[in-house]
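Take a look at the structure set out below.
What you see is a predicted model; the values in this text were computed from it and never measured.
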Amino acid sequence: MFRKYLSSGFFLLCAVEGIWALTQLWPAGGLQQGIISPRMALAALVGLLALALAALGARQWLVDRNGKRLSDWLLAQRSQVALLFLCFTVAVIVGWLFTLSPWREERLAGYFLRWQPLFIWLLLIPAQFFLLALALHPANVWLQTLRELPRHAGWARARRLLHSPQFSLALLAISFLLGLTKLVFGQFVDEGANLFNGWLITRGLWPYRDFFTQHFPGAYYWTALAAALFGNSQAAARVSLLALQVTLLALSMRFSRLFLPLGIAALAWGLTSHFHRGNLVLYDNFDGIFIISSFAVVFSVLLEPASAKRSGLVFSGVLLACAMLSNPLMLYPAGIAMGALWLAGFRLREKAGWGKAWRYSLWAGGGAAAVLGVFLVLMALNGLLDDLYRQTVWFNANIYNHYTDGSPLRLGRIAHQLLTGLDVLNPQWRQHLSLLIDPGVQRYRIADEALYYSWIYSSFLFRVSILLCALGLLFRRKFLAALFLYVFSTTLLVRDVTSWHTIPFIWLSLFTGAYLLTNLATPFAAWRASLLSRLAQVSWRLVSLVFLFMYAWSALFGAYFLLDHRQALSDRRYLNRIERFGDEIRRITCQREDVELLIYPFNPLVYYLSEIEPASFYTFMHPWVAEIGQQAVIETLKDHPSAVVEIRREKRVWQDYVVEDYLSDLITFLDDNYWPVSETLWISPELARQCTANLAVPFSGESSDDE
């Protein structure tokens, strides 16, 4: 009878709690708010669930007189036990998030408070059911059931599903859909430069000869392809980058067989990329995609050297070359990858001869050499090799280097990261220990990236991810893979240790974190059964659980940030302002087709969206460019019949260099020789004479100032 009272009382208690939740959720205005209002619909659903639970309690009292049916059902199948624990765990997490977590104090506090009774009830049901199950069976029965649970066939099926290519491709698809939500979110002038320079290429202009740039042109040619196919569309260019990401990761899965780690990394990136400007068409994003796709293939070869395939090695080499064409500093990780492949082949020399030692690195190196060779031949045939060297190597080393580190030699930085364990103990990464931080959104972008990167769930987590993975590989006696991972990661921090320049490093950390959780859960399997082994196993699993929480929380915070700023995801005000500015430029210049534009110091998105070509070889004018380009621009403008120039004279570059100061010669020339339309805008004398009537109407274009 005890079981009868206990089981029927459980359902009746849940029903009473449901009635309490119903009274709390019932709208203050009652039926006056309408039967189909969302709040009324939710209250009605709670009422139906409460009635169903009351009916189950009555049935338990009348049919299952001794409570044996329910008792036997609870442990009839191991899958039911697993489902019970899963529901209980999910309910605890959801209940905590909506009743105790710091999220309830954020901007969604109204929703949390309004729905709190429902989530308290949903938390109580599985908690009480769990206690009921414990009461109906002695503790030794539950312990025996839990011991047998890992050997249940359902777990094996679940593991096969998780590690299947289909599941990982589904994660890739979800990451693609997450990326589609950010096609307007965030603006940055460096992205505008890639879009604009790509558009110039479609107009028949060559980088280095027809327009100045201090970067390698890999990203330009991709955006040129996007512009040729879809026109000047920022959204289309971002979709093309997403398509490239999904395609290369899918191919990397095929060659490396590391399906689940790559799939989880892609999902985590989709949830957090907006914190790193990862949804923008920046060359760092190209580097990240190329590097992680190539790394996964090389990593798989080091794990199982005998399983290497020629096509995968060539694929890896091609991607490393593409990364170098986007950013020449990727030469460092590419060199480490080639060296690791040679060592992997060297280990097989006794079985396959010395030829095998070179074969891996030669196939990968051949793929890289083919891509770089085509690029260099193309540059040579068009007489651009000298210009390429002077603008990307000499300029950065001799002029840009006066403002920041522009030297291609970064061995000191690599050595520092090697000797300090990726600088993991730096207190800079642990300035903010709370579960939530506000990354300070201004104009719908992260204004203070340093705040996010000083959060323990970002930069510290990234470094711990790589170090723990390398440690787990050492325990598995995968010494070469561990060494490669560690050294390779240090070469991805040669440009910066925070900001979007670390995107390849972040991709690597997301991948290694996923690999740690999915493949290194028990790295001590080969150890002898001893007390030390058991302690090591328990300690490693505890560390893995903490890391799992941190990894998941970082991704959840990214999802929360998107939900909390969902209106910003479709905010086009900045783009609309630039388009109106372009329309006004065409109006005051009488719609002349030969009008050319200069926007200084830097906002190339204006050229791109207005489709007005630049009036000078120097399309932007930062202090380092002004050293070599200011006088050349003045000479160009002296005889230019249809030039329009905007100079944001109050702007500060890097907060240290005032535009009005370092461009004083150009501003003086414009004041003396050009027609002033506004305080920051001038047009050539010929345009002023031809378009006098248009100039009579005040210029109403908003500032083209960058975000």
Side-chain angles (χ1 to χ4, degrees), residues 86 89-90 93-94 97 103 108 157-186 235-281 285-286 288-293 295-296 457-458 461-462 465 503-504 506-519 547-570:
L86 178 64
T89 303
V90 171
I93 293 173
V94 171
L97 288 176
W103 277 355
L108 297 178
R157 288 194 296 269
R159 284 195 296 269
R160 286 196 297 270
L161 173 63
L162 290 176
H163 288 273
S164 66
Q166 294 80 6
F167 182 77
S168 298
L169 290 174
L171 294 181
L172 277 185
I174 294 173
S175 72
F176 181 83
L177 294 176
L178 288 170
L180 292 180
T181 66
K182 310 171 194 177
L183 296 183
V184 182
F185 185 84
R238 292 184 179 183
V239 171
S240 73
L241 183 66
L242 282 173
L244 178 68
Q245 172 184 311
V246 170
T247 302
L248 293 184
L249 287 178
L251 290 172
S252 184
M253 287 179 179
R254 178 181 180 275
F255 290 124
S256 69
R257 313 303 295 174
L258 297 171
F259 291 100
L260 189 56
L262 284 170
I264 294 176
L267 178 63
W269 178 254
L271 291 171
T272 59
S273 62
H274 41 283
F275 294 129
H276 321 290
R277 306 184 193 267
N279 59 314
L280 310 186
V281 188
N285 280 317
F286 286 98
I289 296 169
F290 294 141
I291 287 295
I292 193 59
S293 301
F295 172 86
Y457 293 91
S458 61
L461 179 64
F462 301 150
S465 173
I503 285 175
I506 294 167
W507 261 112
L508 180 64
S509 71
L510 295 177
F511 169 80
T512 54
Y515 185 82
L516 171 69
L517 296 171
T518 57
N519 292 80
F547 178 80
L548 172 62
F549 169 76
M550 295 183 69
Y551 191 96
W553 186 261
S554 177
L556 284 172
F557 180 72
Y560 166 74
F561 184 89
L562 288 176
L563 288 172
D564 198 24
H565 298 84
R566 55 196 177 277
Q567 292 181 344
L569 298 179
S570 57

Subject >> Inter-residue atom distance His163.NE2 - Thr518.OG1, 0.5 Å rounding >> reply: 6.0 Å
**OP:** Verify, without hydrogens or angle tests, whether Ser465 (side chain) and Ser509 (backbone) share a donor-acceptor contact under 3.5 angstrom.
**Re:** yes
**OP:** Taking all heavy atoms of Phe167 and all of Leu161, pick out the closest pair and write down the distance.
**Re:** CB-O, 3.1 Å
Original post:
Atom CG in Leu242, atom CG in Leu172: separation rounded to 0.5 Å?
Top reply: 11.5 Å
Subject >> Val184 and Leu569, any side-chain heavy atoms less than 4.5 Å apart >> reply: no
Subject >> Spacing of Asn279 atom CG and Phe185 atom CZ [to the nearest 0.5 Å] >> reply: 7.0 Å
Original post:
Is Phe259 close to Ser164 at the side-chain level, that is, under 4.5 Å between some pair of heavy atoms?
Top reply: no
**OP:** Specify whether Phe561 and His274 have parallel, tilted or perpendicular ring planes, treating 30° as the upper limit for parallel and 60° as the lower limit for perpendicular.
**Re:** parallel
Subject >> Any side-chain heavy-atom pair of Lys182 and Leu562 under 4.5 Å >> reply: yes
Subject >> Residue pair Leu169 / Met253: nearest heavy atoms and the distance that separates them >> reply: CD2-SD, 4.3 Å
Subject >> Residue pairs, two or more places apart or on separate chains, that pass side chain to side chain donor-acceptor pair (under 3.5 Å) and touch residues 246-270 >> reply: none
Subject >> Heavy-atom closest contact (Thr272 atom, Ser554 atom, distance) >> reply: CG2-O, 3.6 Å
Original post:
Which of parallel (below 30°), tilted (30 to 60°) and perpendicular (above 60°) describes Phe511 and Tyr515?
Top reply: parallel
Original post:
Going from OG on Ser168 to CD1 on Ile264, what distance comes out if it is rounded to the nearest 0.5 angstrom?
Top reply: 7.5 Å
Original post:
Atom CG in Leu249, atom CG in Leu258: separation rounded to 0.5 Å?
Top reply: 12.0 Å
Original post:
What is the minimum heavy-atom distance between Gly278 and Ile503, and which atoms define it?
Top reply: CA-CD1, 4.3 Å
Subject >> Residue pair Leu171 / Leu262, side-chain heavy-atom distance below 4.5 Å >> reply: no
Original post:
Can you name the nearest heavy-atom pair linking Leu183 to Leu180, along with the distance?
Top reply: CG-O, 3.3 Å
Original post:
Heavy-atom distance under 4.5 Å between the side chains of Phe286 and Leu241, does that happen here?
Top reply: yes
Original post:
So how far is it from Phe549 CZ to Tyr457 OH, rounded to the nearest 0.5 Å?
Top reply: 4.5 Å
Original post:
Should Trp507 and Ile291 count as side-chain neighbours, where that means a heavy-atom distance under 4.5 Å?
Top reply: no
